[in-house]
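Numbering starts at 1 and runs along the sequence shown. Here the structure is a predicted model, which is why all the values come from computation and not from measurement. Below, all heavy atoms of this structure are taken into account, side chains as well, without hydrogens, waters or symmetry copies.
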Amino acid sequence: MTHLYTVKPVHQLPGRLRVRIVQLREQPDVAGWLKTHLLSFTGVKTVRLRPAAASAVLTYHTSKTDVEKLLAQLNAIDWDSATDSEYEAEYCGGDNLLNLAGLAATQFLPKRWSALPAVALMAPTIAEGVESLCQRELKVEVLDALALSLSIARGDYRTAMLTQSLLTLGEYFEQETSRHSDELLSELMQPQYHSVWVERDGESQEINAEDLVNGDVMLLGPGDNIPADGSVLRGIGLINQASMTGESVPVRREAGAWVFAGTQVQDGNIAVRAERVGDESSTANIRRFITESLGQRSETQQVTQRMADRRVAITLGAGAGVFALTRDWNRLASVFLVDYSCALKLSTPIAFKSVMYKAATSGLLLKGGRAIEQLADIDTVVFDKTGTLTYGDMLVTDVVSFDPKHTWAKRLLAIAASVEEHSNHPLARAVVSAAQQHELPHINHGEVEYVIAHGLISELDGNRMVIGSRHFLREHYHIDFSPFQTQIEELEEQGRHLLFISLNEQLVGMIGLQDNVRDEAAQVISQLRELGIKNVILLTGDKQHKAEQMAKDLGIDQFFAEATPESKVSVVQSLQEQGCRVMFVGDGVNDAPVLTQADVGLAMNQSTELAQQAADAVLLQDSLHGVVTARELAVDAMKLVNSNIKLTEWINSAIMLAAAMGRLSPTLSALLHNGTTIGVLLRSLAARK
């Protein structure tokens with residue numbers, strides 16, 4: 001269904017825009033979704049909505065956007081994709097000024113003249129309480145309405161108006177704290193657009209990065225930010241990728257290499273074909289991830305919500321008991337103004353948002369409170385091997401010549417590299433890389449024939465040369481391996497992958513390769529154990545002896561070799577059936593099912609888009625240290641949440657006891673309660689540091 005409504009500007013100042021959105025009145029249940037959506041607009045800092053008035057107020061950076069762009073984005077909102085989400089009415093500075101005016105009226109005007117503005121200002125609070133009762137819900141609004149109604153019934157408009165002012169001021173500060181936590185995350189969702197030079201129709205022209213389309217050739221030089229993912233067409237550049245991969249030094253990128261949006265050219269000049277612009281870019285994926293995260297409610301949030309609602313009934317019961325014993329209306333009002341629910345309901349989501357912000361600035365995306373809860377609760381970590389515990393490429397470790405007189409080790413490696421450079425196989429790339437590191441010369445050879453999944457055939461000085469697996473050389477060329485069996489077995493026991501080289505059906509050497517294990521892998525596994533992880537497990541498609549060797553080297557408890565995507569899921573299911581709470585760390589397309597099956601799925605920085613969508617957390621930096629960071633932050637977050645709950649319970653119980661004993665007036669009771677709530681919320685917000 002297509003909506004014909006338009007968003008109309010009502011009032012504007014530099015950096016501030018008020019608009020009327022008719023759909024907001026017609027679909028008030030989507031206000032929470034709309035707020036998150038608006039925060040992702042370029043340049044938007046804060047958003048305040050009033051669904052009943054169909055009003056939205058946006059503050060924005062004038063250097064990043066303007067009224068015309070904002071109105072265009074507002075009118076392009078896809079309301080069919082809107083989802084219901086909880087939203088609480090927001091207070092602004094004007095509400096507090098009105099309450100102060102009402103308070104002044106009760107102070108200086110005769111009672112009959114001050115009653116009308118006082119009741120008018122308190123009417124919305126009382127109406128909310130009545131509405132809650134009509135819906136058979138005992139919420140904090142009921143307590144506030146009862147406390148105000150008691151003062152009004154006794155004709156004490158001054159106390160009632162002072163209480164109303166404190167309630168509104170407390171709500172305002174609570175919402176400001178919550179808005180600040182949203183602002184922090186909105187910073188991470190902001191697309192960073194700027195001008196960029198492109199080649200179009202054979203000419204260079206400067207355009208706004210927002211106007212890039214796939215296929216545009218971007219002309220980038222020193223200091224330029226890269227606005228879209230793409231591949232280098234020509235030129236050589238040093239790219240600072242720290243924002244995306246965490247690499248501490250710039251990396252060289254030349255023709256054919258891939259570059260990410262959000263990174264920067266530090267030196268050199270390159271032409272890059274834009275292949276993922278706007279919402280397809282890597283930075284846009286991060287924004288989507290965070291937006292999804294804000295919409296998810298954790299189990300702890302749901303529990304604290306239920307706790308908060310139960311505490312309303314407890315407060316009502318305590319008030320009834322106090323009044324039955326004392327017949328003191330003041331004590332009753334003081335007890336009703338003690339409310340556990342605000343701190344219980346708000347401190348948990350603010351703590352989670354603060355931790356999400358801290359995680360994102362530390363190179364880790366967490367998908368909401370649920371991911372944090374589960375991370376704090378895990379006791380088993382399952383690592384995929386390739387691209388997770390290893391870099392995804394191989395490393396040459398051994399070059400063994402069986403004919404040192406004619407093919408000494410360096411010549412053997414040079415020969416192999418000269419032939420293998422015609423293949424894109426990971427083993428071939430590793431051999432070529434090793435030869436380049438040793439600055440070995442290119443060896444002339446004949447035409448190269450590539451036999452898929454087996455090896456390469458060529459000619460060298462009139463001799464037929466074959467490079468490949470043991471099976472290929474033995475079965476197809478009947479080469480005898482028995483004279484060198486001992487040396488071969490030694491390397492196999494060390495978990496090496498072996499490439500064999502023959503000349504005229506005689507074995508002349510072998511090259512041993514091993515997985516390029518991440519430098520930090522062993523340390524990360526050790527740190528996870530210190531953080532309470534009991535089991536560390538390796539899943540790999542490798543043969544048994546290679547998997548065993550890696551597990552031994554890294555101090556891994558258990559391994560499963562020759563794993564398939566289906567068997568990975570089965571392994572995790574089996575662990576869960578044994579009572580384990582499992583986190584799986586992986587990066588491939590075939591890891592998506594097991595990332596979903598695990599209690600927590602964590603995708604690596606270089607993982608596929610499908611894996612990142614399936615995961616509960618994604619590393620922004622190409623380092624396993626983020627796994628430790630995730631666990632540490634989650635444990636700290638849950639400690640903070642639980643301590644906030646205890647603080648709220650103990651302090652508010654003390655305030656209620658003092659109110660019941662007649663030691664606190666309604667005004668002082670409201671002041672102490674709101675002060676406690678704001679303190680707990682600020683404590684949650686401080687977790688971002």
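Atoms CG and NZ, from L58 and K45 in turn, are 11.5 Å apart once rounded to the nearest 0.5 Å. Here CD1 of I525 is found 11.5 Å from CD1 of I533. Values are rounded to the nearest 0.5 Å. Between the CG atom in L640 and the CD1 atom in I645 there is a gap of 10.0 Å [rounded to 0.5 Å]. One distance of note links CD of E373 with CZ of F352; it measures 4.5 Å at 0.5 Å rounding.
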Set out, in order, the CA-CA distance, both residues' side-chain angles and the distance that settles side-chain contact (heavy atoms from CB on, under 4.5 Å) for M550 and Q514, then state yes or no. CA-CA 10 Å; M550 175 171 278; Q514 70 175 19; over 6 Å; no
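The shortest side-chain heavy-atom distance between V381 and V585 falls under the 4.5 Å cut-off. Residues L364 and Q621 fail the side-chain proximity criterion, which asks for heavy atoms closer than 4.5 Å.
The shortest heavy-atom contact between A376 and M638 is CB-CG, 3.5 Å. R518 approaches T390 most closely through the heavy-atom pair NE-O, 3.5 Å. Taking each heavy atom of S55 and L24 in turn, the nearest pair found is O-CD2, 3.6 Å. In this structure, I372 and L366 approach most closely via the heavy-atom pair CG1-CD1, 3.9 Å. Heavy atoms only, all atoms of each residue included: W258 and R253 are closest at O-NE, 3.5 Å. Heavy-atom minimum distance, S362 versus T629: CB-CG2, 4.3 Å.
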Report, one line per pair, each donor and acceptor closer than 3.5 Å where one atom sits in a side chain of residues 534-541; sequence neighbours left out.
| unit_1 | atom_1 | unit_2 | atom_2 | d |
| --- | --- | --- | --- | --- |
| N535 | ND2 | T380 | OG1 | 3.3 |
| T540 | OG1 | D542 | N | 3.0 |
| T540 | OG1 | D542 | OD2 | 3.4 |

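Between the Q576 side chain and the Q597 main chain, a donor and an acceptor come within less than 3.5 Å of each other.
Among residues two or more places apart in sequence or in another chain, the side-chain hydrogen bond (donor to acceptor under 3.5 Å, both in side chains) test is passed with Q73 by none.
Remark: the Q527 side chain and the E632 side chain contain no N/O donor-acceptor pair separated by less than 3.5 Å.
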